[in-house]
Amino acid sequence: MSSLIREPSDVSRRRFLQVMGASMALASASGCHWETEEILPFQRRPEGRVPGTTRRFATSIECSGVAASLLVTSYDGRPIKIEGNPLHPLDRGAASARSQAAILDLYDPDHSRGLVQAFEGASYPRSWKEFDPWFAGHMAQVRARKGAGLRILSEPSSSLALASLRTRLAELHPQARWVEWEPCARTNKIAGSKLAFGRALRVQPRIEQVNTLVCLDADLFGLHPAALANARAFAARRRPEEAQPLRLWVVESSLSLTGAAADQRLALRDEQILPFLLALEARLAGGKAADGLFLESLADELLAQRGAALIAVGPRQPAAVHALAHRINANLGNTGKTLLYSEESDPAGVMELGELAREMEAGAVETLVVLGGNPVYDAPCELEFRRALRHVPLALHLSHYRDETSRACTWHLPRAHALESWGDCASWDGTRCLQQPLIDPIFPRRTPLELLGAICEAKLGAPELVRACVAPGASDEQWKKILHDGFVEGSAARPVEAALASFSVPAPAPRALAKELRNGELELVFAPDRNLYDGRSANNSWLQETPDAITKMTWGNAAIFAAETAAALGVEDSTLVKLKLGTRELEVAATVLPGQATGSITLHLGHGRSAAGLVGGLEQENIETVGFDAYRLRSSDALDRAGSLEVMPTGKSWQLARTTDPAVTDSIGRKQMEGLVEELARVRTLADFRKEPGSERESEHESLWNKPVAEGVRWGMAIDLNSCIGCNACALACQAENNVPVVGREQVIRGREMSWIRIDRYFTGPERSPRVRFQPLTCQHCESAPCEEVCPVAATMHSAEGLNDMVYNRCIGTRYCANNCPFKVRRFNYFNYHKAIEAEGAEVQRMLYNPEVTIRHRGVMEKCTFCVQRIQAAKIHAKNEGRAPADGEIVTACQQTCPTQAIVFGDLADPKSRVARLHAESRGYAMLAELNIGPRTTYLEKLVNPHPALEEHDG
Amino acid sequence: MNVFPRWMNALRVLAGASVLAAGVYVVALFAYGGSPKTINAGFSPEQPVPFSHALHAGELGLDCRYCHTTVEIAARAAIPPTETCMNCHLRIRTQSELLKPVFDSWASGEPVHWKRVHDLPDYVYFDHSAHVTRGVGCVTCHGRIDTMERVRQEQPLSMGWCLDCHRNPAPNLRPPEFATAMDWQPERPAAEVGAEIMQQRHLKPSTDCSTCHR
Amino acid sequence: MTASATTKVRLDEPYHRPLLIEGAEDLASVTNRVCGVVERPKPPRAWYIAITISGSMTLMLGAMVVYLISTGVGVWGNNAPAFWGWDIVNFVFWVGIAHAGTLISAILFLLRQKWRTSINRAAEAMTLFAVCCAGMYPAVHVGRIWVAYWLFPVPNQMQMWPNFRSPLLWDVFAVSTYATVSALFWFMGLVPDLATLRDRATTKLKRVLYGFFALGWRGSARHWQRFERAYLLLAALATPLVLSVHSVVSFDFAVSQVSGWHTTIFPPYFVAGAIFSGFAMVVTVMVPARELFGLKELVTLRHLENMNKVILATGSMVGLAYATEFFIAWYGGNPYERFTFVNRAFGPYAWAYWIMIFCNVVVPQFFWSKRIRTNLWLMVVVAILVNVGMWFERFVIIVTSLARTYLPSSWGYFKPTWVDVCTFAGTIGLFFTLFLLFCRFLPMVAIAEVKTVLPAAHAHKENGHE
Amino acid sequence: MSEAQGALHSLVAEFDDVDGVSAAARAVRDAGYKAFDVYSPFPIHGIERSMGLRATRLPWLVLACGLTGTVLALFFQWWTNGHDYAFKISGKPLFGVPANIPITFEFTVLLAAFGAFFGMFVLNRLPEHHNPLFENERFRRATDDGFFLAIEARDAQFHERATRELLQSLTKHTVVACHESGESRALPVWVRASMAGAGALALVPLAAIVAARYRDSTQAPFHLIKDMDSQTRYRAQAANPFFADGRAQRPDVAGTVEFDRFRTDPALLTGRAGEAFVDQIPLSVTAELMQRGRTRFAVYCTPCHGGAGYGDGLVAQRAATLQEQAFVPPASLHDPLVRARPAGQIFDTIRNGVRSMPAYGRQMSIEDSWAIVAFVRALQRSQNASVEDVPDAERGRLGTR
């Protein structure tokens, strides 16, 4: 089993044996008798607490100095699900896949549970009791030396409380220096704005105002800190009824979510974006007609759309590109209309990581306090941070996991999870968000505020400090209101006037394609992973198993090649290749992906962790790492891309755990697919739609029997492909809501992943600029469901309200229903995928389960239920109050979190309900309707808005 | 030369008959012995505190909701916190040995470890509020709690048993205000009363799978 | 016997076919020959070797099943979208094999094909053993075998009943009925022969054992009369049953939604295939058996040749079915259906498809030549190839259809695991173990029935009727 | 033929071939014998005619069984899926014949086959393991290559000598007399005894089960298949050994504020305006509120304060009878002091308790507390009403009391 299932704490033999032992014990304990449960009431039940019901708290999580405002559901005082904060001006109830997955870390057995001191190679568990007095004494000495040799390495943070402590630190320890490091920082953006305006400014896009949106390697809907808001605004501007629908132009080297949504996309090498922009500016300035129809038509449109266009640039682009974009936006009169500027925190006076490393090597650092982050893993490779740490007599690392850095430091201090912490942070628009704990720390963990507070002998405890910094002089009532909302109302940053400075950008020489494809001339682009980001989420099995939106890859990464590039270099999909940058080499898997710029190879960061944990890899326990560590090739001078890459095929093959079978790419498979996709995931151009709005629907066939007329409620769903950007938020929401298990790499390769909602991704059209189609697929709850009639024991049948009920406890597992399901949305428990969590010693992990959803046993079928537990709860609640549930009162997990509101659930029988209206829309169509199974889910066609001049050129 | 004794021929009928009989008997035995009435009903575990519903709900006439406060608003009729016991026992029976676990819990904050008596399989989702507020009396499923010294499971609580009522609820319905009244008796035939209530409140209990299984 | 010479000629008028029973066989010698096999103190060494091999394979089957049930269906290669894999492939394969027996005894009996008498007993036995192997698969392939009894309408506290609309439930009833009726049919034919063994028994033990199961049969004419009538009726019942069983098995697929399964041609196509594979298996087993136990005179070349003719005929039918499927897929114009078949022939599973075509359509055609048809070794080779081919037919139908159904996003590829392989090997072991035991302890040839086709069985003078 | 012989059973003649026995059969038949039979190793073609046997009734039996099967199967399928538990499957009608044909057919065949099989044996009176004919050693050839004809003594025409002559005239073998064996036909005692014993033994489990059914048990019910029955997720008030207090439910974190149940009306929440208590009930006092108040009063207050609020609740009485020193008798709500209290103070008392009265704030909602206040006010009013309080229309009825 252990070799078959790969999931937390089932991987290592030792734990596997524990599991076995425990299950034996369990069996013997109750024998052939019912297991009697115990009921443990409170001594004094807190006011307003009703056992077995959920309550919600607003809080927030910070990532790279930007807050995500969240609403966390707590059951009996246990946080079980993370959703977006509906009140927050930016997030508006949506939450990204990664913020939702954070709940898993809270109960992760690897999430650090105690202090560890390394001493002469051995490591010893310690307690705060031991640590505190000793540390106080030590800091007293440091203070006596005015903090000489004290360095604090922190992740960039927007916390006011932290900032106040930092100033206090400066007073107490004038000699101490503050260092900030973050592998995927906004350095280029800031440098760009300094070049353009002479000051650090932050761009606040206002997409609702934009008619022409140009993204230069800018993933506005994917990795952008305000992606949720951007995506929502974008979706709103794409509605067919929009008078002037937005057109999205994307120029990038590798397909991003934004690129996938683009109307016009140009695959360009990363380094060629600067020349492209220069040419564009020249053309806009009325210069000579530039080369390329694309640029030509783009320029024309930009001119036509003065004041209604926006050129956005991604963080990977050099300062010059940002500056140019600022200038063009200003000249086109977009500034102030389609984008605003707000103050950006200026890291001036903050020490560079490189400098710190040099100091450490020189032995100038005596005490290094690392607040979060994982520099040993993600610092530029040439710094040799691990080696540098050896010269530091006392290095403390406060972190969630005992990761690479912790193991290289003298002390590892467990860091409290965001849901255990008091704190504050600011979202992209500057809104001040609060962080309040959902539960007392499950293990003795501390927050950076607490540790730093100890260092600079702060008087106030964390909550008081936060209150003092965030809302000084607020009354208790006001403070409660702030905590209730989760943020300070109207605290968004004020837009600032930015005066353009004059600057010039030298044009680099563009290269010829043939040359690009030569070894040593290739470019390697480092991009943060869409799921694991910079690697901090590497031990999160949900994110590891959520297929990447574009590559559909789980459990690992691979170097992405364009077909031409691969052909030219003799590289094949699912093989190992050797990447060589100067003296550094790295063997990685290779994959071929449409839409990749030729000569440009993209490698996602965040994989190949050697000390992430039992999920992400842990060398000490011989748990193999997952994926390949791109940081080994990433040096300070080439943090974003390296231009002189050599690629050598090794001929070794490597299995990639992809959820869509690459066998689709065999010739007949592909031919069939291209034929079908037009039918299944429909896309039309806006022009066509305006000409002739109705999408051809399958005419209902004559039925052999008279179908029963359903009276009363008829649950149904509508999914708008025009809004879906494939961000995976729904997938994570479902995973958390429905206790969907993680099965591990081997099982995914076997095609046994369990996700209840999957997002099908199809490429059509030319290899270089493919049209990407996303199609979220849940159980369609067909009116005459094929799965039902074939079940011999009636374990799946139809409810009066039209739900296709799946009764786990009746299922004997013949799997016939799944065979007969044309959508293949049914999932079978080939093993007991919950085994490890049912085992003794996993009491904390179990706290994650949603108590309202049954955990499926080995050997039973499962599938999307339209979140029936939510339906029932809402119905009972409404009926107790003597009314029927209102439209929108029942919200499925996927619908709740969808940033673009692409998913709508409700009662089809009520003609006024949103879902009913969407079903009636002319874009609506049912998948495989010709089978006469009557799916309850209607899809709405995607409408693209290509530039007329480029349309046929697109082919 | 016969190998088999002559009486073998006499045996055939007898043997055939007894094989049939045995078959019938075994089936009957399983049906009777395996029925939840035999296996589940009558379960009555020892509790850490010999709390007598007969005294509190019976003699003293405490309403069920005095302790089980959540029964009308939530799925679970929660077992009361120690505090509820202490409402009275702070001043009554303060020396009682039997109450020691309660006093300990009150002093230390540790919980009293009650044993669950009415325990459905975990894939069954029963909601008290949905039943009590529709007029299904406590007594219907729990029996005359107010006469029990120690709580026992009165009913089989099997799926079939639930279905019987969901298919024909009328006989088990009463005006919701009497839900907690243990000794309530309809003055007219129960079915009639129930039928009226069903009509007034448009009750049509569902027998869909997802009503109880999720 | 001087009469025998003349009668021999007369017997087969007007066909002048070769004799059913060769050599100067009379009643006693038939008895001796058949019973001799059972009564001889020690079976040939080959028997010991064979049963050791098959026995150990059976043990392996046990181990595999335990592993499967204790760990989960995941130990097999089944995945999504191929939720069924070797489990159902093997089930259908064995059910197919199981058809020859009852078919030979029942249908040929109704058709008054006297040549069946020498082979029907062994064939029926094979049926039973094949059904055992077949029946095991649906049982163990379910996720929770411990609640598989829900398949039967047993009254229970849930007040739930099985869903009689499900083809799978039809299957349960069809296969169990088939197993029961074949067993009855087989045992009934066995009773008079058991009596023979009883009366020849030398030791008390044998006499008691055989005697008990012979139920006191003593060949009374009154008994024979009812016996023959009952036998005829059972044959008449078993014939449609045989046809129905594989039709019902084919419904599992034909009734479903899956393109490549959803075909009206399936019932006849499956039945033909079943007969095809069944006869092939009989040939595969009988040729060595008659060598081993010296029954050449009873199971003659003519028997084998007749069976080969049936194989040739049914093989061609199967070939026709393949062609029809393809034609309809193209002619029907359903893109999914069409793709399924293109995919079978040229997709990732093309290898399996062409193995099937070669073994099932090409190979049997050799039987047009009498030389091959009557050559023992060649016919065994062909028969084995046909069995291989028929296994692949089931594999192609089930796996290739499932692996690529409607949505390209959910396409997959099925790979068996070592457990799959060992389990299948185990069933083969089980089959042969049971067959070998049968050969050793029960009359392999229906003695009483063979006697009826002997000259001695017929009144010489036509004074029988007045 | 070791043990003592019984009565003559039959005379048996042996033959070598089909012709002989057939001829003999005809002769015996013509001689008018009925109770005779022919024994052969295989069915002899046409022998039944030679013996003058009637055709068997077996086919009718089989037909009957088959039809029973058809009807049973069809009815059962309708009753289960279409009537007893009618589930909605694939939007199809609850009962449709086509889907039920296969099983109906199979069941028909099954029962018919049983009819044929068991019918044959029953009609043949088989099994009959013991038979006088077996006494005759030569009779063994009957299943090999011998042919026999036996005339039984029970035949009306049977006359030992005449019959023997007749037979002897037909065969060249000597006719043998076959006798019933001497042993008794009745079951031996040990057989009867053991069967009786088995029967008695079979009653033991029944007894045990009956006992189990009618006795309570402190032990958890017997339960074999446990899939998903007791899951590891923590439901309300469950236990989690990980935490020191063993509870799965966790306390609130100090200072946190719950979402969307946020209220800031001091009067409503505390019953105070600033320091002073409010005298107005901050909710609109409706009939529902009163009704609510009445029921809640009955639940929470009656036990001590009594139904009318005079402090004579059952609990109070019991405390008195137990002579609990610590127990302070509850105040009467009609005590002038209590009546003088503002609504806010009563509310505050309910929620936070006072002196010996416990706090009920955690046992009921804010609204319920106010509802009780409203009801208490009414109660106080009712117990201290003057004629003026009664509406004129009603006053007339007062007189009657």
Side-chain angles (χ1 to χ4, degrees), chain C residues 26-28 31 144 146-147 153 159-165 169-170 173-174 177 180-181 184-185 188 192 195-196 198-200 211-212 215-230 233-234 237-238 240-241 244 248 251 448-449 451-452 456-461 464-465, chain D residues 17-19 22 37-51 53 56 58-59 62 76-77 80-81 84-85 87 89-90 92 99-100 102-103 105-107 109-110 112-114 116-117 119-121 123-124 126-131 133-134 139-145 225 227:
Chain C
D26 63 14
L27 296 172
T31 318
R144 299 200 293 161
W146 44 93
V147 286
Q159 294 186 6
M160 286 283 293
W161 298 108
N163 168 23
F164 287 103
R165 299 174 189 78
L169 203 67
W170 307 344
F173 277 76
T177 305
T180 322
V181 174
L184 297 182
F185 199 41
M188 197 171 132
T196 312
R198 171 198 65 203
D199 292 341
R200 292 167 52 93
F212 182 81
L215 305 175
W217 181 269
R218 51 190 184 277
S220 137
R222 286 186 164 77
H223 290 180
W224 276 124
Q225 184 194 17
R226 300 203 183 86
F227 178 93
E228 283 194 290
R229 180 46 56 104
L233 287 166
L234 272 183
L237 287 167
L241 181 63
S244 84
V248 168
F251 288 162
E449 290 196 46
K451 285 174 181 169
T452 58
H458 298 262
H460 299 172
K461 305 179 235 35
H465 321 277
Chain D
D17 55 11
V18 178
D19 303 342
S22 311
D37 206 340
V38 168
Y39 302 89
S40 59
F42 55 83
I44 299 171
H45 185 66
I47 191 73
E48 59 274 24
R49 242 179 291 97
S50 320
M51 293 171 63
L53 298 181
T56 160
L58 195 59
V62 172
F76 189 74
Q77 292 182 75
T80 51
N81 282 184
D84 180 46
Y85 198 147
F87 17 77
I89 295 276
S90 300
K92 297 212 168 134
N100 299 312
I103 288 179
F105 172 80
E106 302 296 337
F107 202 62
V109 171
L110 185 64
F114 282 150
F117 183 81
M120 187 273 281
F121 284 110
L123 291 178
N124 284 348
L126 291 178
E128 184 182 10
H129 289 93
H130 177 98
N131 188 290
L133 290 170
F134 291 143
F139 189 72
R140 288 187 177 199
R141 293 185 60 225
T143 59
D144 179 3
D145 59 354
I225 297 168
D227 305 0

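Lettering of chains follows the sequences in order, A, B, ..., and the numbering in each one begins at 1. Basis for what follows: all heavy atoms, side chains included, without hydrogens, waters or symmetry-related copies.
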Does the side chain of [X] reach to within under 4.5 Å of the side chain of [Y], using non-hydrogen atoms?
| X | Y | result |
| --- | --- | --- |
| D:Asp227 | C:Val147 | no |
| D:Phe139 | C:Asp199 | no |
| C:Thr452 | D:Pro43 | yes |
| C:Lys451 | D:Asp144 | yes |

Going through the distances and angles, do D:Met120 and C:Leu233 end up as a side-chain contact (heavy atoms from CB on, under 4.5 Å)?
-> CA-CA 11 Å; D:Met120 187 273 281; C:Leu233 287 166; over 6 Å; no
Does any backbone or side-chain atom of [X] lie under 4.5 Å from a heavy atom of chain C? Answer side chain, backbone, both or neither.
| X | answer |
| --- | --- |
| D:Phe87 | both |
| D:Ile44 | neither |
| D:Leu123 | both |
| D:Val62 | side chain |

Looking only at non-hydrogen atoms, find the nearest pair between [X] and [Y] and report the distance.
| X | Y | value |
| --- | --- | --- |
| D:Ser40 | C:Trp224 | O-NE1, 2.9 Å |
| C:Ala221 | D:Asp37 | N-OD1, 3.3 Å |
| C:Ala448 | D:Pro41 | CB-O, 3.7 Å |
| D:Asn124 | C:Phe227 | ND2-N, 4.5 Å |
| D:Thr56 | C:Gln225 | N-NE2, 4.0 Å |
| C:Gly216 | D:Leu126 | O-CD2, 3.8 Å |

Enter the distance from C:Glu228:CD to D:Phe42:CZ here, rounded to the nearest 0.5 Å.
-> 11.0 Å
At what distance, to the nearest 0.5 angstrom, does OG1 of C:Thr196 lie from CZ of D:Arg140?
-> 12.5 Å
Please identify, among [options], the residue contributing the most non-hydrogen atom pairs under 4.5 Å to chain D.
| options | result |
| --- | --- |
| C:Phe251, C:Trp146, C:Phe185, C:Trp217 | C:Trp146 |
| C:Leu215, C:Leu237, C:Leu241 | C:Leu215 |
| C:Arg218, C:Arg200, C:Gln159 | C:Arg218 |
| C:Ala230, C:Ser220, C:Ala238 | C:Ser220 |

Between [options], which residue shows the highest count of heavy-atom pairs closer than 4.5 Å to chain C?
| options | answer |
| --- | --- |
| D:Gln77, D:Lys92, D:Glu48, D:Met51 | D:Gln77 |
| D:Asn100, D:Ile47, D:Ile225 | D:Ile225 |
| D:Gly119, D:Ser90, D:Ala113, D:Ala112 | D:Ala113 |
| D:Pro102, D:Ala142, D:Ala116 | D:Pro102 |

Does D:Asp145 have any side chain to side chain contact (heavy atoms under 4.5 Å, CB included) partners at least two apart in sequence or in another chain, and if so, which?
-> C:Leu27, C:Ala28, D:Arg141
Sole residue of D:Thr80, D:Asp84, D:Asn81 in side chain to side chain donor-acceptor pair (under 3.5 Å) with C:Trp161 = D:Asp84
Pick one of side chain, backbone, both or neither for C:Pro240, based on which atoms fall under 4.5 Å of a heavy atom in chain D.
-> both
Output, in order, the C-alpha distance, side-chain angles, deciding distance and verdict of side-chain contact (heavy atoms from CB on, under 4.5 Å) for D:Phe114 and C:Leu184.
-> CA-CA 8 Å; D:Phe114 282 150; C:Leu184 297 182; 3.7 Å; yes
Where does the angle between the aromatic ring planes of C:Phe212 and D:His129 fall among parallel (under 30°), tilted (30 to 60°) and perpendicular (over 60°)?
-> parallel
